Amino acid sequence: MELRRFGFKQCGSFVLLLISGLLLLPVMVSSVGVNYGQIANNLPAPENVIPLVKSIGATKVKLYDASPKVLRAFANTSVEFIVGLGNEYLSKMKNPACAEEWVKNNVQAYFPGTKITSIFVGNEVLTFNDTSLTANLLPAMQSVHTALVNLGLDKQVAVTTAHSLAILETSYPPSAGVFRRDLVDCLVPILDFHVKIGSPFLINAYPYFAYKANPKQVSLDFVLFQPNQGVLDPGSNLHYDNMLFAQIDAVYYALAAVGYKKLPVHISETGWPSKGDEDEAGATPENAKKYNGNLLKFICQKKGTPLRPNSDLNIYVFALFNENMKPGPTSERNYGLFKPDGTPVYQLGFSINDGVGNGTHGTSSAQPSPPGPPTTSTGYLAISSATERSHWVGFFSMFLFLMVFKLLL
């Protein structure tokens, strides 16, 4: 089927997105990433995950640890890795000697075969409201960077940390985006660190949580990238037709408000669950298909946000697999694109141009490995825990704005 039916123009290079039985559009790939969580006891062996990662057009993978099996399996592939250093290690990483030992064992040991490009130190630390964790975050980041410098890896490997969108006090309209006042003093030194070493600001953004919190007032089409009237930001006069871009720009405005206008923002997590509890509105395969499918189309079209139209969207979809050992509501175990047996959780429903690709049809050879103990938690056991707590403040104003906007039409 012809690409123009989907609004695509001929691009210079395409990666054929094929998942066993799951047909996706050809996508120009430069910034598509996927989160590879492993809180499960039934996942495929890492070597069988490689074709799945490539079949969705992902060139980047984010781990929540530095799994030796995964890093070894992906050696000599073109896949780039962000490895994670969990919250439980922050106090220990303050010690430069411990940090250097960790980098030697978990990063240097896999060079140059495995392309590790970044280490994220801690996950959503500032929104745990744990003073000890918060106090240890920047010193741990600094020690890890110093270790990279000492080992001659600082030019190849960046150091960062991932934040929940809940670090924002106001997120809508985007032009009013500001950080929580109680976190500014903690954030500014971290932002200075990013600028000094040239690493991006990572944010975990989930429009799903806003819809779940108030499905009667938040437009489902607006959060799923579906056609809709959108909203106009009265502060910037920019038009938004989806919530994720509004969230990203709110972060850019918050950064500008504290003097860091040029700091790049990457979305380290975003996704939509295919299943949830009775009170988890919108958690269906159909909505997950629309969210992730439309998101990939936007990335393919090289569309930036209204505020940053010429900036690449560096986005990591959450997640590669459903993870059966994650605690919390049913949705927590159902964000995956794949089931543990390597089959897609849902059909994205796109057709492809038969002339694109290498003639294969993406049949996966992935098989589940024998059940075993789940991978140790590294600070992301429940993605909703730290994220949902503060979403009401930012999105309540959005609900009101949407309602007023509709009344004015």
Side-chain angles (χ1 to χ4, degrees), residues 13 15 27-38 46 49-50 52-54 56-86 89 93 99-100 102-123 137 140-163 190-191 193-204 262-270 299 302 311-320 378-380:
S13 62
V15 172
V27 171
M28 179 185 285
V29 175
S30 62
S31 303
V32 177
V34 66
N35 285 274
Y36 182 1
Q38 299 171 77
V49 175
I50 297 171
L52 298 182
V53 169
K54 292 187 175 183
I56 61 171
T59 58
K60 301 178 183 181
V61 169
K62 178 167 158 276
L63 295 176
Y64 291 86
D65 55 14
S67 168
K69 291 182 179 179
V70 174
L71 295 176
R72 281 197 294 265
F74 277 80
N76 303 311
T77 68
S78 59
V79 179
E80 297 180 0
F81 275 85
I82 296 180
V83 297
L85 214 168
Y89 297 110
M93 290 303 112
E100 187 160 326
W102 187 91
V103 172
K104 283 181 179 178
N105 294 334
N106 295 283
V107 178
Q108 187 183 48
Y110 303 101
F111 262 78
T114 305
K115 299 176 69 173
I116 300 173
T117 61
S118 184
I119 303 167
F120 77 100
V121 180
N123 192 47
L137 178 57
M141 294 171 71
Q142 292 169 329
S143 290
V144 170
H145 177 68
T146 298
L148 290 169
V149 171
N150 292 342
L151 296 171
L153 298 174
D154 57 302
K155 303 302 181 184
Q156 299 106 305
V157 184
V159 177
T160 185
T161 186
H163 300 283
I190 294 173
L191 299 176
F193 173 81
H194 284 304
V195 171
K196 179 181 178 182
I197 70 167
S199 62
F201 188 78
L202 303 188
I203 198 84
N204 300 336
K262 295 182 179 180
L263 191 62
V265 174
H266 293 184
I267 304 303
S268 42
E269 291 181 17
T270 192
I299 296 172
K302 305 294 285 182
S311 295
D312 283 347
L313 292 173
N314 288 279
I315 294 177
Y316 288 78
V317 176
F318 189 92
L320 193 58
T378 55
Y380 89 114

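For clarity, every value in this text was computed on a predicted model and none was experimentally measured.
Between Tyr64 and Glu269, the closest heavy-atom pair is OH-OE2, 2.7 Å. In plain terms, the two heavy atoms of Gly57 and Val32 that are nearest each other are O-CB, 4.0 Å. Residue Ile315 comes nearest to Ile299 through the heavy atom pair CB-CD1, 4.2 Å, listed as atom of the first residue, atom of the second, then distance. Of all heavy-atom pairs spanning Gly84 and Trp102, the tightest one is O-CZ2, 3.8 Å. The heavy-atom pair separating Met93 from Ser143 by the smallest distance is O-CB, 3.0 Å. In plain terms, the two heavy atoms of Phe120 and Leu63 that are nearest each other are CE2-O, 3.0 Å.
Counting heavy atoms from C-beta outward, Val53 and Tyr36 have side chains that stay 4.5 Å or more apart. With a 4.5 Å cut-off on side-chain heavy atoms, Asn123 and Asn204 count as touching. The closest side-chain heavy-atom distance from Thr117 to Lys60 is not below 4.5 Å. With contacts defined as side-chain heavy-atom distances shorter than 4.5 Å, the pair Asp154/His145 qualifies. Side-chain atoms of Val103 and Val144, non-hydrogen and from C-beta on, do get closer than 4.5 Å to each other. In this structure, Gln156 and Leu153 have side chains that are in contact, with non-hydrogen atoms separated by less than 4.5 Å. Proximity of Ile119 to Leu148: side-chain heavy atoms (C-beta onward) are separated by under 4.5 Å at one or more points.
At distances below 3.5 Å, not a single donor-acceptor pair connects side-chain atoms of Asn35 with backbone N or O atoms of Gly37.
Contacts of Thr270 classified as side-chain hydrogen bond (donor to acceptor under 3.5 Å, both in side chains), with partners at least two apart in sequence or in another chain: Tyr291. Take Asn150 and apply the side-chain hydrogen bond (donor to acceptor under 3.5 Å, both in side chains) test, not counting sequence neighbours, and it matches Glu100. With sequence neighbours left out, Thr114 forms a side-chain hydrogen bond (donor to acceptor under 3.5 Å, both in side chains) with no residue at all. Contacts of Asn105 classified as side-chain contact (heavy atoms from CB on, under 4.5 Å), with partners at least two apart in sequence or in another chain: Glu101. Contacts of Thr160 classified as side-chain hydrogen bond (donor to acceptor under 3.5 Å, both in side chains), with partners at least two apart in sequence or in another chain: none.
Looking at Leu320, Ile82, Val34 one by one, the single match for side chain to side chain contact (heavy atoms under 4.5 Å, CB included) with Lys62 turns out to be Ile82.
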Contacts under 3.5 angstrom, residues 194-201 side chains, donor-acceptor by atom type, not counting sequence neighbours:
| residue | atom | partner | partner atom | Å |
| --- | --- | --- | --- | --- |
| His194 | ND1 | Ser199 | OG | 2.8 |
| His194 | ND1 | Pro200 | O | 3.4 |
| Ser199 | OG | Val159 | O | 2.8 |

